[in-house]
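Everything below concerns the one structure shown next.
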Amino acid sequence: MHTIRQMMKNNREWSERIRKENPGYLESISHSQKPEILWIGCSDARVGPDQLIGLPMGSVFVHRNVANVFATNDLNCLAVLEYAIDELKVPNIVVCGHYGCGGVNAALEHKGVNPVDLWLDQVRFVYNRYAEELNHLERSERANRLAELNVEAQVHNICRNTIIREAWKRGQQVNVIGVIYDIHDGLLKQLGIEFRSQEAWEACYGEAFSG
Ligand code: CO
């Protein structure tokens with residue numbers, strides 16, 4: 001219970017501080033949200049976007065799950081994407097993975113039928129696609145490389161989704177990028193994949209990921 005008491009105390013102090021230092025701020029953002037980023041990240045307790053990217057409240061619309069998967073058959077992922085793109089018109093989508101991801105590690109290990117294993121099958125698909133490259137690496141490098149490839153695969157899952165394709169078709173600005181985070185130095189690294197249009201995405205990877 002100590003942690004919960006601490007949480008409530010911290011919250012009261014934060015509320016007092018922000019209302020004192022910036023009167024009217026909470027009221028000003030209470031009417032609507034206009035986030036600049038849809039963040040798709042891992043549920044891992046160490047990779048919450050608020051601390052990592054230091055943007056003010058209201059800037060980031062967040063979806064997190066085990067191993068930062070954008071599952072094309074998951075109602076939760078689809079609802080988040082639809083609301084972010086069609087209603088909030090969020091201009092940037094950031095898929096953030098992290099090295100040392102327990103979900104990615106588990107995807108390399110065993111395969112069962114409990115919910116987390118079934119969920120991680122989506123990462124195993126990525127592993128299978130790149131097995132030849134990955135099997136040449138030693139264990140920790142393999143997991144780290146799979147974490148990167150998993151981010152790329154989720155970027156592609158987003159770019160080939162109808163919600164994004166329709167948005168691009170009607171001229172809406174949507175920039176989709178992949179980044180990865182290293183807890184050892186606290187730094188985000190861009191993975192060199194960034195798509196602003198259907199044409200750009202298809203030119204790079206559309207063929208490989210179609211069908
Ligand atoms: Co993780």
Side-chain angles (χ1 to χ4, degrees), residues 3 7 35-55 59-81 84 90 92-131 133-161 175-195 205 209:
T3 304
M7 175 185 91
E36 291 292 316
I37 292 173
L38 164 59
W39 178 275
I40 297 174
C42 185
S43 296
D44 190 295
R46 299 161 296 178
V47 293
D50 292 344
Q51 289 102 329
L52 300 193
I53 59 179
L55 292 176
S59 305
V60 191
F61 194 67
V62 178
H63 177 77
R64 293 170 70 183
N65 59 44
V66 174
N68 45 271
V69 173
F70 184 86
T72 53
N73 60 354
D74 179 68
L75 198 53
N76 191 351
C77 288
L78 293 171
V80 165
L81 186 68
V90 177
N92 300 289
I93 300 177
V94 177
V95 178
C96 179
H98 66 112
Y99 296 119
C101 179
V104 170
N105 288 343
L108 283 169
E109 301 280 332
H110 54 286
K111 182 169 168 28
V113 290
N114 53 334
V116 77
D117 265 314
L118 294 174
W119 179 255
L120 290 173
D121 272 345
Q122 298 165 110
V123 183
R124 287 191 189 92
F125 294 147
V126 181
Y127 172 73
N128 290 338
R129 195 182 299 148
Y130 295 98
E133 173 191 340
L134 291 166
N135 288 341
H136 283 105
L137 303 173
E138 62 87 20
R139 182 66 179 72
S140 70
E141 276 181 46
R142 189 184 305 161
N144 285 343
R145 182 64 184 134
L146 181 57
E148 294 177 350
L149 292 168
N150 181 48
V151 169
E152 289 187 22
Q154 307 316 323
V155 166
H156 292 302
N157 281 346
I158 291 167
C159 291
R160 67 194 178 98
N161 190 279
N175 182 28
V176 189
I177 73 162
V179 299
I180 194 154
Y181 175 72
D182 190 338
I183 191 75
H184 295 99
D185 59 13
L187 290 175
L188 287 175
K189 179 172 86 176
Q190 255 190 279
L191 285 174
I193 42 170
E194 177 162 5
F195 301 109
Y205 293 102
F209 279 82

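Each ligand, and each atom within it, is numbered from 1 in the order the structure gives. Note that this is a predicted model, so its numbers are computed, not measured.
Annotation: salt bridge (charged side-chain N to carboxylate O under 4.0 Å, His left out) contacts involving residues 64-78, sequence neighbours excluded, are absent.
Listed by chain and number, C42 SG, H98 NE2, C101 SG are the protein N/O/S atoms closer than 2.8 Å to the Co ion (ligand 1), with waters left out.
Side-chain contact of E148 with N144: a donor-acceptor pair under 3.5 Å is absent, judged by distance alone.
By the salt bridge (charged side-chain N to carboxylate O under 4.0 Å, His left out) test, E133 is found to be paired with R145, residues two or more places apart in sequence or in another chain being considered. With sequence neighbours left out, the side chain to side chain donor-acceptor pair (under 3.5 Å) criterion links Y127 to N135.
Checked by atom type and distance alone, the side chain of E36 never pairs as donor or acceptor with a backbone atom of S59 at under 3.5 Å.
Applying side-chain contact (heavy atoms from CB on, under 4.5 Å) to V95 and the options N157, L191, I193, V151 leaves one that passes, V151.
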